[in-house]
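Here is the naming used below: chain letters follow the sequence lines, and residue numbers restart at 1 for every chain.
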Amino acid sequence: MLDIKLFRENPELVRQGLKNKNEKDRVDEVLELDKQRRELIIQADELKTHRNQVSAQVGQLKKAGQDASAIIAEMKRVGDQIAEFDGKLNKVEEDLDSLLRYIANLAHESVPVGKSAADNVETKRWLPEGFSFENDFKILDHIELGKKLKILDFERGAKITGSGFPLYIGKGATLERALINYMLDLHIHEHGYTEIFPPFLVNKDSMRGTGQLPKMEEDMYHIEKDGLYPIPTAEVPITNIHRDDILNEKDLPIKYVGYSACFRREAGSYGKDSKGFLRVHQFNKVEMVKFVKPETSYNELELLVKDAEDILQKLNVPYRLLMLCTGDLSFSAAKCYDIETWSPAENRWLEASSCSNFEFFQARRANIRFRNEATKKPELVHTLNGSGLATSRLMVSILENNQTPEGKILVPKALQKYTGFEIIE
RNA sequence: GGAGAGAUGGCAGAGUGGUUGAAUGCGGCGGUCUUGAAAACCGUUAAGGAUGCAAGUCCUUCCGGGGUUCGAAUCCCUGUCUCUCCGCCA
């Protein structure tokens with residue numbers, strides 16, 4: 001969430017920022033609640049000071065064996081007044097907190113202002129040697145390939161669970177697992193990340209910490225009986241590792257990478273992009289998360305994107321890099337790059353990674369701080385995360401781009417020692 | 001799932017309902033001593049909020065929530081977590 005001080009000191013900046021992000025302007029509501037809050041605190045604190053002083057007196061009188069019943073009776077009335085103010089104050093603070101949690105992060109100044117995905121800016125395009133958008137044989141899509149080679153079975157996945165729960169079989173399953181292991185190893189051994197294997201279910205506090213709740217409640221699966229949520233991304237458990245922590249400055253930046261299955265309800269998105277792997281309820285993802293000092297976060301974002309790109313270059317997958325405009329940025333992000341891989345069958349780019357800087361937004365919600373060595377005071381960190389990468393859409397690009405005219409799949413060189421085979425036929 | 005014990009500052013560990021934000025020890029930081037270091041000694045060492053230019057002053061916080069009381073780390077209820085024993089189990 002945003003800093004309440006920003007609303008007090010520069011309301012117009014917040015107003016414009018929310019407008020750029022296509023968000024509702026609720027600045028005046030925040031300021032009004034903030035004003036009420038401060039007035040109540042002043043009144044309640046005054047009474048409490050009084051109570052504390054008189055209560056100490058009562059103690060001394062009793063010790064001296066004297067009668068204190070008169071001031072005790074008076075203090076009872078003061079106590080009731082305090083309870084009244086505290087009740088009002090709690091209500092106002094709850095309202096303010098929940099309002100702030102519904103307000104989106106503001107975009108960084110380097111982000112282009114725009115209304116929708118159409119205004120995103122392509123900043124880079126990388127194509128493997130010898131790659132061409134034209135093909136001299138009929139390209140099969142990943143669903144046809146998966147069926148023909150008996151490596152993917154979307155119908156049986158739907159029978160077992162429901163649509164959007166893919167089933168991998170034989171070499172398809174091996175390829176998926178190889179991809180996950182390959183990506184993890186690269187990030188751990190070459191990019192300097194610490195491996196995490198997180199829980200796949202989290203509690204409400206964790207979902208609030210990273211910003212999925214309360215606003216995106218409808219997009220989440222929810223196990224009501226136990227109050228738990230299947231994670232939509234490993235970002236949630238990994239970022240919450242340090243919820244309420246005060247980190248050592250010398251340990252920053254902290255870089256974690258972890259695999260998890262990801263669960264998303266994708267409510268309301270049926271019919272759109274819903275075939276095969278394009279939009280699923282369960283998929284696999286390797287996620288990178290960083291906790292950094294604020295002044296380094298934009299540099300760290302560039303490095304994060306590089307770490308994700310490195311995977312695609314080593315796997316020879318054609319991709320492009322987009323800088324999202326203000327209107328297409330997610331709720332929590334201040335700046336975000338999407339990486340899209342090429343699908344020759346779809347004849348378009350598919351989002352396979354999203355790398356974001358959240359600045360203080362998550363850190364403030366989750367209360368993640370570090371101790372500044374110079375000032376000795378705790379300060380909020382910046383958090384970042386990026387997929388590195390999601391396997392489902394990446395799998396589409398790998399299968400489709402590596403097919404032969406006979407409909408076989410050539411396994412990318414880098415993956416072969418992980419799969420143990422070079423071809424799927 | 002059943003029975004019991006517990007949760008206090010960075011850590012360890014006291015705490016009779018009344019100057020307890022909290023003894024003591026360790027650790028950290030600063031200093032004295034020393035050529036330097038160690039030891040010893042002295043001092044210092046929580047977070048959040050309100051107010052103020054600031055120094056400061058005040059409020060809250062002893063796992064979370066509720067209650068009793070003039071006053072709660074301390075008493076009551078409740079939730080969570082940890083440990084021990086039993087049951088079940090990959």
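At the phosphate of B:A47, OP1 or OP2 sits under 4.0 Å from a side-chain N or O atom of A:R371. Note on A:N52: every side-chain N or O is 4.0 Å or more away from OP1 and OP2 of B:G18. OP1 or OP2 of B:C70 has at least one side-chain nitrogen or oxygen of A:K76 nearer than 4.0 Å. In terms of phosphate contacts, A:R51 brings no side-chain nitrogen or oxygen within less than 4.0 Å of OP1 or OP2 of B:C58.
B:C85 is paired with B:G2 under the criterion used here, namely a Watson-Crick or G-U wobble arrangement in which both key atom distances are under 3.5 Å.
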Run the side chain to side chain contact (heavy atoms under 4.5 Å, CB included) check on A:L6 and A:L106 step by step: do they pass? CA-CA 11 Å; A:L6 191 60; A:L106 305 181; 4.1 Å; yes
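A:R8 comes within 4.0 angstrom of sugar-phosphate atoms only, judged by non-hydrogen atoms across all strands, and of no base. Nucleic acid contact class of A:V58 (heavy atoms, under 4.0 Å, all strands): base. Among the protein residues, A:R77 comes within range of no part of the nucleic acid, since none of its heavy atoms lies under 4.0 Å from any strand.
A cation-pi arrangement, defined by a distance under 6.0 Å to the six-membered ring centre and an angle within 45 degrees of its axis, is present between A:K255 and A:Y193.
Taking atom CZ on A:R243 and atom P on B:C81, their separation rounds to 13 Å, with Å as the unit.
A:S297 contributes no side-chain N or O that, together with a main-chain N or O of A:K293, makes up a donor-acceptor pair within less than 3.5 Å.
Taking the six-membered ring for Trp, A:H222 and A:F263 have ring centres at least 6.0 Å apart.
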